[in-house]
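To start, the structure itself, in structure tokens.
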Amino acid sequence: NAGMEEKEKEALRSMPFIAVRGLVVFPHTTMYIDIGRERSLSALQRAMMLDQRLVMATQRSIGLEEPTFDQMYTVGCTVRVRHIVPGEEEETVRLVCEGEERVLLLSLTEKGGCQYADYLPMPLPAPGSENADQIAAYAQRVKSLFAELCRARGRASGEQLQIIEGESDSRVLADLA
């Protein structure tokens with residue numbers, strides 16, 4: 001369908017990219033991420049010159065030093081870098097970043113010594129969609145199961161429980177729980 005292809009082209013975006021190992025970045029979460037690969041440091045430097053935003057996605061195998069597009073999971077997240085501090089190991093930095101929006105990776109390209117991700121945003125359905133009552137019921141169930149799990153394990157703080165229990169947007173809840 002030509003009309004759909006034009007809409008996708010309009011929505012297509014490009015941003016500096018970092019492949020992460022052994023973790024998944026979600027929207028609405030703050031993460032501490034150590035980076036040290038030259039390609040990642042170049043992407044970070046480029047992002048800081050622009051708008052402090054990057055695309056991050058998880059590589060399928062943590063042992064790869066230079067993963068290709070085919071070696072990446074194709075759902076990632078845009079992040080905003082909030083703070084950069086020296087890493088614990090030499091030649092690494094620790095990023096404090098906040099996940100913003102879930103994205104679908106379409107390709108990776110090399111530009112000026114760093115990788116860029118070509119991607120499409122993956123917005124979640126808006127509240128009030130046709131099955132809003134069912135989604136609200138699922139959200140309530142997720143909240144109660146999460147609270148039960150936290151009490152059983154004793155691992156969540158009261159603040160974490162308050163955040164989960166107080167969240168009314170099921171789209172945000174899906175990323176927090």
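Excluded from the calculations below are hydrogen atoms, water molecules and symmetry mates; all remaining heavy atoms, backbone and side chain alike, are included.
Contacts of Val93 classified as side-chain contact (heavy atoms from CB on, under 4.5 Å), with partners at least two apart in sequence or in another chain: Ile35, Leu41, Leu44, Ile84, Leu95. The side-chain hydrogen bond (donor to acceptor under 3.5 Å, both in side chains) test applied to Tyr138 returns Gln134, not counting sequence neighbours. Taking the side-chain hydrogen bond (donor to acceptor under 3.5 Å, both in side chains) definition, one finds that Arg60 meets it with nothing, sequence neighbours left out. In terms of the side-chain hydrogen bond (donor to acceptor under 3.5 Å, both in side chains) criterion, Glu101 has no residue partners (sequence neighbours excluded). Listed by chain and number, the residues in a side-chain contact (heavy atoms from CB on, under 4.5 Å) with Val103 are Val55, Thr78, Tyr119 (sequence neighbours excluded). The side-chain contact (heavy atoms from CB on, under 4.5 Å) test applied to Glu89 returns Thr92, not counting sequence neighbours.
The hydrophobic cluster containing Tyr32 does not contain Val85, counting ILVMFWY residues as joined when their side-chain heavy atoms lie under 4.5 angstrom apart, directly or transitively.
None of Arg39, Gln59, Gln115, Gln71 except one satisfies the side-chain hydrogen bond (donor to acceptor under 3.5 Å, both in side chains) rule with Glu66; the exception is Arg39.
Between Arg46 and Met15, every side-chain heavy-atom pair lies at or beyond the 4.5 Å cut-off. Contact check for Pro27 versus Met122: no side-chain heavy atoms found under the 4.5 Å cut-off.
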Inset, instruction - Would you please test Ile33 and Val25 for side chain to side chain contact (heavy atoms under 4.5 Å, CB included) and show each step? - result: CA-CA 10 Å; Ile33 300 171; Val25 180; 3.9 Å; yes
Inset, instruction - Test Val20 against Met31 for side chain to side chain contact (heavy atoms under 4.5 Å, CB included), laying out the working first. - result: CA-CA 12 Å; Val20 294; Met31 305 272 310; over 6 Å; no
Inset, instruction - Kindly determine whether Thr68 and Leu108 satisfy side chain to side chain contact (heavy atoms under 4.5 Å, CB included), including the steps that lead there. - result: CA-CA 8 Å; Thr68 63; Leu108 296 175; over 6 Å; no
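Scanning both residues, Ala19 and Ser40, for their nearest heavy atoms gives O-OG, 4.4 Å. Between Arg102 and Phe26, the shortest heavy-atom contact is NH2-CD2, 4.1 Å. Residues Tyr116 and Phe17 share a closest heavy-atom pair of C-CB, 4.0 Å. Across all their heavy atoms, Thr58 and Gly22 have their closest contact at CG2-N, 4.4 Å. Taking both residues in full, the closest heavy atoms of Phe69 and Leu106 are given as CZ-O, 3.4 Å, listed atom of the first, atom of the second, then distance. Nearest approach of Ala43 to Pro16, heavy atoms of both residues: O-CB, 3.6 Å.
Here the straight-line distance linking atom NE2 of His83 with atom CD of Glu98 works out to 15.0 Å at 0.5 Å rounding.
With respect to Arg94 and Glu88, a salt bridge is recorded, a charged nitrogen being found less than 4.0 Å from a carboxylate O.
In Glu110, the CD atom is crowded: over 12 heavy atoms of neighbouring residues, nucleotides or ligands sit closer than 6.0 Å. Around CG of Leu64, the count of heavy atoms belonging to other residues, nucleotides or ligands within 6.0 Å exceeds 12.
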